[in-house]
Every structure is written in C-alpha cells, then in structure tokens.
Amino acid sequence: MKTSLQELQQGDGLLIIDVQNCFSAGGSLAIEDADAIIPGVNAIIEAALREGIPVYASRDWHPKGHISFREQGGEWPPHCIADSNDAHFHPDLNLPEDVVIITKGVRFDQDQNSVFDGTGFAERLRRDGIKRLWVAGLALDVCVFASVMDALKEGFAVKLLLQATRPVNPAAGDEALRKMEEAGAKIIGN
Ligand code: VGL
Ligand code: ZN
C-alpha cells in the first residue's frame, strides 16, 4: 500500500467504514480475517494525518429489534447494538481526535448500508472541500459496496484499498469489486 499512500493530496478524504467489534473476531457478525486489515487502516490514518487529510469513520449502530435482524425477517443476526461494546470501534483502530463519525443503521423503518443514505454525508464532504475518497473497512460486499456506489453517484472519485477491506461473502465481494470498478472506482492494491 506504500506507493498509493504517496498519492494523497489536498481535496482527498479518508473514509473508514464500520471497523467495529461486531464485524471483528468474536463479534456478533464476525467477518473472516477482518482483524487483519487493522495495520493497513492505521497506516493510512497516519498518512492522512501527516498530509492534513480529513478522516471520516462510520459505524453501524442499530436499535434493539432492528429491521435488518432475522427475528424481524431481515438478513442478519442481531449485531452492532447501539452503544454496546460490540458496536464500539475496534480497540486497535487508531482514530484521530478530530475524526468525523457517521452513525448509520439507526432508522426503524429501513436499513442503511450506505454512509450516504439519509445522513447528509455528501453535503458534509462538499463543505469540507472533498473531491476524492480513499475507502477502507467492512464489509466489502455490503456497506463498503453500497457506500462506494453512492459516493460515485454523488460525484466523488473513489480509491478503494483492497488490502484494507474484507467481505462477508467472498463471491459477493468479487462481484462487488467488479461493479465498483465498472462504476469508476479505482481498486488499489490488487
Ligand atoms: C454491514 C451487514 C449488516 C456492514 C452492516 O457494515 O457491511 N454488514 N450490517
Ligand atoms: Zn447492520
């Protein structure tokens, strides 16, 4: 990932998606090998700090009995319950003091896989002068995919850090990569 980090420039932002205990080893919706992304994510956070690039971090933050849970007819086991330890950021993730946190998945009537879905995040990025996002996090085939597709639709350029993401489902992850690339995202590190 070294070469890509040297390309950080003004107008870039770093978006770290859902690097939380729930998706890590021992979490309620643990993703295989998720913890392996942490050193790479921390490396790009450090690079962003050095270059004065703003850091945004999202978290999946569900009310009990959320609509996306199986007990409600949804797709997932209960996970990332708001304010529980399971929902907290991974303890080894070195988020900077001035990180901007995006909270999603709080709606009662529908899930929000994309960090842009009903959050006003695109407006915030424009206000911050962001033109291009470097994206890392979880899960490649779910929230990373939905967020990257929305970022492109909103007119932001996207660089996705392949070594700093993992899928829930590997086949779906490959399909997501293909669609993101087709939509204009640059996949870094493959
Ligand atoms: C996610 C499954 C359920 C994600 C969130 O952050 O990718 N995946 N909720
Ligand atoms: Zn969720």
Side-chain angles (χ1 to χ4, degrees), residues 13-38 40-41 44-45 55-93 95 99-119 121-122 133-153 158 160-181 183 185 187:
L14 172 58
L15 173 59
I16 299 160
I17 298 179
D18 300 4
V19 180
Q20 295 165 268
N21 291 329
C22 29
F23 300 119
S24 309
S28 54
L29 182 35
I31 294 168
E32 196 179 339
D33 208 28
D35 299 67
I37 72 170
I38 301 288
V41 176
I44 191 158
I45 290 171
V55 179
Y56 307 90
S58 69
R59 58 185 184 182
D60 208 37
W61 199 253
H62 296 310
K64 286 175 187 159
H66 187 245
I67 194 165
S68 75
F69 298 170
R70 277 179 200 140
E71 69 211 36
Q72 305 295 326
E75 192 178 346
W76 308 109
H79 63 279
C80 306
I81 301 290
D83 222 19
S84 67
N85 183 62
D86 189 60
H88 290 158
F89 289 116
H90 192 294
D92 298 335
L93 182 67
L95 290 175
V99 63
V100 174
I101 293 173
I102 307 115
T103 301
K104 63 177 183 57
V106 297
R107 288 184 62 150
F108 293 109
D109 57 339
Q110 59 178 68
D111 203 4
Q112 292 155 284
N113 283 339
S114 165
V115 299
F116 292 93
D117 185 0
T119 60
F121 184 47
L133 285 173
W134 295 76
V135 179
L138 305 167
L140 173 60
D141 49 336
V142 187
C143 290
V144 170
F145 174 59
S147 301
V148 164
M149 295 303 275
D150 277 355
L152 295 166
K153 271 182 221 148
V158 172
L160 175 65
L161 297 161
L162 191 60
Q163 279 137 37
T165 183
R166 290 291 184 280
V168 174
N169 174 305
D174 290 345
E175 180 70 359
L177 281 174
R178 197 187 57 72
K179 286 183 180 157
M180 288 186 278
E181 206 163 22
I187 315 293

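Every number for a ligand or one of its atoms is a count from 1 in the order of the listing.
- Among the atoms of Asp111, none of the N, O or S atoms falls under 2.8 Å from the Zn ion (ligand 2).
- The shortest N/O to N/O separation between Ala139 and ligand 1 falls below 3.5 Å.
- With rounding to the nearest 0.5 angstrom, the CZ atom of Phe121 is 5.0 Å from the CG atom of Leu15.
- Although no hydrogens or angles enter the test, the distance criterion places no donor-acceptor pair under 3.5 Å between the side chain of Asn113 and the main chain of Ala146.
- Within ligand 1, the atoms closer than 4.0 Å to a non-hydrogen atom of His79 are 3 (C), 9 (N), numbered from 1 in the order shown.
- In plain terms, the two heavy atoms of Val19 and Ile37 that are nearest each other are CG2-CD1, 4.1 Å.
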Starting from the C-alpha separation in whole Å, work towards a yes-or-no answer on side-chain contact (heavy atoms from CB on, under 4.5 Å) for Asp117 and Gln110. CA-CA 10 Å; Asp117 185 0; Gln110 59 178 68; 3.6 Å; yes
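- At a cut-off of 2.8 Å, His66 is not counted among the residues with an N, O or S atom near the Zn ion (ligand 2).
- Panel note: side chain Thr165, backbone Gly137; a donor-acceptor pair is recorded below 3.5 Å.
- Between the choices Asp60, Leu29, Val19, the shortest heavy-atom distance to atom 5 (C) of ligand 1 belongs to Asp60.
- Asp60 has its closest N, O or S atom to the Zn ion (ligand 2) at the position named OD2.
- At the shortest separation from atom 8 (N) of ligand 1 among protein heavy atoms lies Val142 CG1, 3.5 Å.
- Checking Leu95, Ile38, Val41 one by one against His90, the side-chain contact (heavy atoms from CB on, under 4.5 Å) holds for a single residue, Ile38.
- Proximity of Leu138 to ligand 1, defined as any heavy-atom pair under 4.0 Å, is confined to the backbone N, CA, C and O atoms.
- A distance of 12.0 Å separates CG in Asp86 from CG in Asp83, rounded to the nearest 0.5 Å.
- In Glu175, the CD atom is crowded: over 12 heavy atoms of neighbouring residues, nucleotides or ligands sit closer than 6.0 Å.
- The distance from the Zn ion (ligand 2) to the nearest N/O/S atom of His62 is under 2.8 Å.
- Close approach of ligand 1 to Asp18 is summarised as follows: ligand atoms under 4.0 Å from at least one heavy atom of the residue are 4 (C), 6 (O).
- In terms of polar-atom proximity, defined here as any N/O pair under 3.5 Å, His62 makes no such contact with ligand 1.
- In this structure, Glu75 has no heavy atom closer than 4.0 Å to ligand 1.
- Using a 4.0 Å cut-off to heavy atoms of Cys143, the atoms of ligand 1 that qualify are 1 (C), 4 (C), 5 (C), 6 (O), 7 (O).
- Using a 4.0 Å cut-off between charged nitrogen and carboxylate oxygen, Lys104 and Asp60 count as a salt-bridge pair.
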